[in-house]
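Report on the structure given below.
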Amino acid sequence: MRVGLEGHVVGRTLSSVEVLHPRAIRRHLPGASDFTGRLTGRKLVATRRRGKYLWVELDGELALLAHLGMSGQLLVQPVGAPDEKHLRVRFRFADDGPELRFVDQRTFGGFLVDELVTVDGADLPTAIEHIARDPMDPAFDPAAFVTALRRKRTELKRALLDQSLVSGIGNIYADEALWRARLHWSRSTERLSAAKAREVLAAATDVMREALGQGGTSFDALYVNINGQSGYFDRSLAVYGQEGLPCGRCGTPIRREPFMNRSSYFCPRCQRRTK
DNA sequence: CAACCGCCCTGGGTGC
DNA sequence: TGCACCCAGGGCGGTT
């Protein structure tokens, strides 16, 4: 998504911004008129990503920060193309070329305009100062992650989802990484060996790299790239959403258990629960 | 302070 | 056919 966006918007100047649903900018506390006011006339300089956050650097040390939530899409569409049913924000450009649209059925996604701050050598929007580097980041420190993980006193999957430890891992990639590392989601972080911690991190990194290579995960057909095409990593899922189907390693039916008001999928034989 | 819970929201699917 | 209900997801405020 970031790469696609880069090719379409970098170097262009915003001429108008239209907020069609207030929830899409709920994290921009000064409100819609401030949001559009700060963006209008601004030039887009670069696209950046950290974990699940995406932002566009603007001239003037500002950033347009986005989180797509679970159903958010950024689409490039010709001016005048029919509005999508769930169109939430429209960005138009001074060159009158194709516009950028934020389409989001479930309205978990959204934007804010934010100032940049330097944290540990990286320029970040202030709102995401607490978000850790993701495993694709060249400056990501695996050893520091392992140390921080083992200092936690919680369940392993909770820690993998904690975006202040490592970012970019959500419910799907956590389950896939745990299956690859043969660890149950409820394993305690403080009793996890450093070797096992490294293993689950490596598995998560592999899952993310493979998913990126395939354009992401689109199990519910709501995830699409900048051209409206879905990723197809869902074809590669070993456990997520596979309840009752045989484990690819041992054939035991995959099980689903409630976890934090959602679900964890795992192989009950490969991923034994420990005390 | 760390850990944890519940809520935000929409629409597709299911069961009655 | 229509209605009530459930579920998916990430992040954050509030509570323990």
Side-chain angles (χ1 to χ4, degrees), chain A residues 1-2 19-29 49-55 65-74 83-89 101-112 114 124-135 145 147-178 185-192 204 207-208 211 216-224 230-231 233-234 237 239-244 254-266:
Chain A
M1 180 69 80
R2 187 199 68 76
V19 177
L20 295 106
H21 194 302
R23 248 186 82 76
I25 57 148
R26 67 192 181 284
R27 290 185 67 186
H28 187 84
L29 300 180
R49 184 186 63 77
R50 174 174 283 201
K52 302 169 188 176
Y53 286 90
L54 176 68
W55 67 96
L65 177 63
H67 193 300
L68 302 180
M70 64 181 288
S71 56
Q73 311 169 11
L74 286 172
D83 286 2
E84 291 76 8
K85 185 176 179 189
H86 303 295
L87 178 63
R88 308 302 191 198
V89 185
R101 296 179 179 184
F102 178 62
V103 176
D104 187 14
Q105 181 214 101
R106 292 174 202 168
T107 68
F108 271 92
F111 300 92
L112 66 152
D114 202 3
L124 296 180
T126 59
I128 61 164
E129 273 186 75
H130 63 291
I131 301 295
R133 293 182 190 271
D134 63 68
F145 166 77
T147 303
L149 179 78
R150 297 176 72 227
R151 263 204 297 264
K152 286 275 174 185
R153 296 196 315 274
T154 190
E155 294 164 343
L156 178 55
K157 185 172 170 184
R158 280 181 180 276
L160 292 176
L161 297 176
D162 182 344
Q163 306 294 301
S164 70
L165 285 178
V166 56
S167 66
I169 301 175
N171 199 40
I172 298 173
Y173 297 163
D175 281 0
E176 294 299 308
L178 289 165
W185 60 265
S186 69
R187 277 283 292 257
S188 81
T189 46
E190 68 264 41
R191 285 198 289 276
L192 192 69
V207 167
M208 295 168 84
T217 310
S218 60
F219 63 93
D220 64 0
L222 287 174
Y223 287 96
V224 292
S230 294
F233 187 67
D234 58 319
L237 296 175
V239 286
Y240 186 83
Q242 310 297 308
E243 185 180 19
I254 298 302
R255 193 172 294 168
R256 179 172 73 92
E257 287 182 352
F259 169 79
M260 290 172 76
N261 291 324
R262 51 190 105 163
S263 298
S264 277
Y265 296 87
F266 64 101

Select one nucleotide: of B/dA3, C/dC12, B/dT10, the one nearest the side-chain heavy atoms of A/His130. C/dC12
Are any of the side-chain heavy atoms of A/Met208 and A/Tyr173 separated by less than 4.5 Å? yes
Of the options C/dG11, B/dA3, C/dA8, whose atoms approach the side-chain atoms of A/Lys152 most closely? B/dA3
Test side-chain hydrogen bond (donor to acceptor under 3.5 Å, both in side chains) applied to A/Ser264 and A/Glu257, A/Lys157, A/Glu155, the passing residue: A/Lys157
ring-ring contact (aromatic ring centres under 6.0 Å, His included), paired with A/Phe111, selected from A/Phe102, A/Tyr53, A/Trp55: A/Phe102
Using a 4.0 Å heavy-atom cut-off across all strands, classify A/Arg26 as base, sugar-phosphate, or nothing. nothing
Measure CG/A/Leu87 against P/B/dT10 and give the value in whole Å, please. 15 Å
With nearest nucleotides of DNA chain B determined for A/Asn261 and A/Arg23 from heavy-atom distances, which residue corresponds to the more 5′ nucleotide? A/Asn261
Could you check how far CD of A/Glu243 sits from C1' of C/dA8, rounded to whole Å? 14 Å
What's the closest nucleotide to the A/Tyr265 side chain, out of C/dA8, C/dG10, C/dC12? C/dA8
Side chain of A/Ser263: nearest nucleotide among C/dC12, C/dA8, B/dA3? C/dA8
Nearest-angstrom distance from the residue atom NZ of A/Lys85 to P of B/dT10: 12 Å
Please state how far atom CG in A/Leu160 lies from atom P in B/dA3, giving the value in whole angstrom units. 14 Å
Could a donor-acceptor pair under 3.5 angstrom be found where the side chain of A/Arg262 meets the base of C/dG10? yes
A/Arg27 side-chain N/O to C/dC12 phosphate OP1/OP2 under 4.0 Å: yes
Electrostatic pair A/Arg49-A/Asp134, nearest N-O below 4.0 angstrom: yes
Atom-pair distance (CG on A/Asp104; P on B/dT10), nearest Å: 10 Å
Quick note, A/Asn171 side chain, CB onward, closest among B/dT10, C/dG10, C/dA8 is C/dG10
Once you round it to whole Å, what is the distance between C1' of B/dC8 and NE2 of A/His21? 12 Å
Just the rounded figure in Å: distance from C1' of B/dT10 to CZ of A/Phe102. 13 Å
Hey, is the main chain of A/Arg262 close enough, under 3.5 Å, to the side chain of A/Asn171 for a donor-acceptor pair? no
Closest approach to the side chain of A/His86, judged atom by atom: which nucleotide of B/dG11, C/dA8, B/dC4 is it? B/dG11
Given B/dA3, B/dT10, C/dG11, the nucleotide with the shortest approach to the side chain of A/His67: C/dG11
Using whole Å, what does the distance between atom P of nucleotide B/dC4 and atom CZ of A/Arg158 come to? 5 Å
Among C/dC12, B/dC4, C/dG10, which nucleotide sits nearest the side chain of A/Thr154? B/dC4
